[in-house]
Amino acid sequence: MSTAITLGQFIIEKQADFPYAKGELSRLLRDIAIAAKIINREVNKAGLMDILGNAGSNNIHSEPQQKLDVFANEQFISALKAGGECCIVASEENEDIIIIDPPDRKQGKYIVAIDPLDGSSNIDVNVPVGSIFSIIRKSNDVDPCALSDVLQKGHMQVAAGYIIYGSSTMLVYTTGKGVNGFTLDPSIGEFCLSHPDMHIPEDGNIYSINEGHYVNFPKGVKQYIKYCQEEQHPTRRPYISRYIGSMVADIHRNLIKGGIFIYPATASSPEGKLRLVYECNPIAFIIEQAGGRASNGHGRILDLEVSGLHQRTAVFIGSINMVSQVERFLKEAAGLASIDN
Ligand SMILES: O=P(O)(O)OC[C@H]1O[C@](O)(COP(=O)(O)O)[C@@H](O)[C@@H]1O
Ligand SMILES: [Mg+2]
Ligand SMILES: [Mg+2]
């Protein structure tokens, strides 16, 4: 029986860090954890349930929706509706925002953007998948909720996190005061503090990129991969290529061991593949809070203008020295600088 601090206890304890807090954000994080536990229950026995495979529908990205994508989306939306602290849900699985305006009580003041199930291509093959969430505050208390409330820059986030459904299930989150990880203890059904004050090493030797797209990569990215494969570096040798294909799982590994996760713009996806509002901004907030760097190759992800709910961006996220180095390769390739390794 675990005696660790539970997520609920930790959230209440940390509320003291926010003098004006009235508990709304704490309750919102609780609602997200409830949805995560229900999704975890289904993921854990997915093979036994009729929850594997295609849902027979496509999402806004013309990607086939997996049954678990739909199930996870429904769990988050209903938990956020029931909790009442959220006024808008923006989801990867819904083309438009969902406005929550309960008839019987005051509308919530937070916006939650979610990737309900991350790593969908790995669901049926029992490889770790995740969920990602980003929380921002409504831009003002006067105007009715609108899409513009969602399209705020990443540095406006008040909290962000992910859940990884792997050999154990963990919830990792930040409220802008460091990053903490909680492991779900099935015997008590609680997330318990297992990874306090997480920090990503400044340097690492793991690079995560889908090299299957190599021919379509920008020149600077190709040069960086070549560097990792060939160039002799006193401290980082050898580099290890690791790619799970679930962003949450690749990021989680690198957060603990050090490393860089790259999903660049390619000839086939000139904007990149991963979505800014509910994948890259929340992950960038976590990694920066853990001492890492999150870039689109030319600048900070969290400072990017947000013009669309499903906007995509190139991402270079991880150990600060590794991300700075690949940025130099990109600058060099664009003839803007010389590599002074
Ligand atoms: O198969 P690819 O092109 O490498 O893409 C894998 C990437 O796509 C994703 O699966 C996209 O996320 P979703 O599964 O939420 O759509 C990421 O988790 C992952 O990093
Ligand atoms: Mg995703
Ligand atoms: Mg998804």
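Just so you know, ligand 1 is whichever comes first in the structure, and atom 1 is the first atom listed for that ligand.
Side-chain contact check for Ser187 and Asp185: at least one donor-acceptor pair (N or O, by modelled atom type) lies under 3.5 Å. Counted by atom type alone, Arg253 and Ser208 present one or more donor-acceptor pairs between their side chains at under 3.5 Å. Ser246 and Asp118 share no donor-acceptor pair across their side chains, judged by distance under 3.5 Å alone. Side-chain atoms of Ser134 and Gln157 include a donor-acceptor pair closer than 3.5 Å. Between the side chains of Asn180 and Asp197, not a single donor N or O lies within less than 3.5 Å of an accepting N or O.
Aromatic ring pairs are classed by plane angle as parallel below 30°, tilted from 30° to 60° and perpendicular above 60°; the pair Phe329 and Tyr227 is tilted. Under the 30°/60° scheme for interplanar angles, the aromatic rings of His213 and Phe217 are found to stand perpendicular.
The Mg ion (ligand 3) has no N, O or S atom of Gly119 closer than 2.8 Å. Metal site remark for the Mg ion (ligand 2): Glu92 contributes no N, O or S atom at a distance under 2.8 Å.
If you look at Glu92 next to ligand 1, the close heavy atoms, those under 4.0 Å, all belong to the side chain. Contacts with ligand 1 closer than 4.0 Å are made by no heavy atom of Tyr278, backbone or side chain. At a heavy-atom distance under 4.0 Å, no atom of Glu211 approaches ligand 1. When non-hydrogen atoms are compared, ligand 1 lies under 4.0 Å from the backbone of Asp118 as well as from its side chain.
Under a cut-off of 6.0 angstrom, the local environment of CD in Gln9 is crowded, with over 12 non-hydrogen atoms contributed by other residues, nucleotides or ligands. Within 6.0 Å of the NZ atom in Lys109, the count of heavy atoms belonging to other residues, nucleotides or ligands exceeds 12.
For Leu274, no nitrogen or oxygen atom sits less than 3.5 Å from a nitrogen or oxygen atom of ligand 1, counting backbone and side chain alike. Not a single N or O atom of Val248, backbone or side chain, sits closer than 3.5 Å to an N or O atom of ligand 1. An N or O contact shorter than 3.5 Å links Leu117 to ligand 1 by distance. Backbone and side-chain nitrogen or oxygen atoms of Ser121 are examined, and none is located within less than 3.5 angstrom of a nitrogen or oxygen of ligand 1. For a threshold of 3.5 Å applied to N or O pairs, the pair formed by Ser246 and ligand 1 contains no separation below that value.
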*Begin with the C-alpha distance, continue with both residues' side-chain angles, and end with the deciding distance and a verdict on side chain to side chain donor-acceptor pair (under 3.5 Å) for His155 and Asp303.*
CA-CA 6 Å; His155 59 236; Asp303 293 338; 2.8 Å; yes

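Counting heavy atoms only, Glu279 comes closest to atom 12 (O) of ligand 1 of the residues Glu279, Glu63, Met247.
Shortest distance from the Mg ion (ligand 2) to Asp118 is reached at OD1 (N/O/S atoms only). Of all N, O or S atoms in Glu279, the one lying closest to the Mg ion (ligand 2) is OE2. The minimum distance between the Mg ion (ligand 3) and any N, O or S atom of Asp115 involves atom OD1.
For atom 4 (O) of ligand 1, the closest non-hydrogen atom on the protein side is Tyr243 OH, 2.5 Å. For atom 3 (O) of ligand 1, the nearest protein heavy atom (residue, atom name, distance) is Tyr263 OH, 2.5 Å. Looking only at heavy atoms of the protein, atom 5 (O) of ligand 1 is closest to Lys273 NZ, 2.9 Å. Counting only heavy atoms of the protein, atom 19 (C) of ligand 1 lies nearest to Gly245 O, 3.3 Å.
Of the candidates Phe10, Tyr162, Phe191, Phe182 forms a ring-ring contact (aromatic ring centres under 6.0 Å, His included) with just one, namely Phe10.
For ligand 1, the atoms sitting less than 4.0 Å from at least one non-hydrogen atom of Asp115 are 15 (O), numbered in the order shown with element in parentheses. Each of the atoms 11 (C), 12 (O), 13 (P), 15 (O), 16 (O) of ligand 1 lies under 4.0 Å from some heavy atom of Arg275. Of all atoms in ligand 1, listed by their number and element, those nearer than 4.0 Å to a heavy atom of His213 are 3 (O). Those atoms of ligand 1 with a heavy atom of Phe261 less than 4.0 angstrom away are 20 (O).
In this structure, Lys222 forms a cation-pi arrangement with Tyr214, its terminal cationic atom sitting closer than 6.0 Å to the ring centre and no more than 45° off the ring axis.
Closest of all the heavy-atom pairs between Leu302 and Ala284 is CD2-CB, 3.8 Å.
Between the CD atom in Gln65 and the CD atom in Glu93 there is a gap of 4.5 Å [rounded to 0.5 Å].
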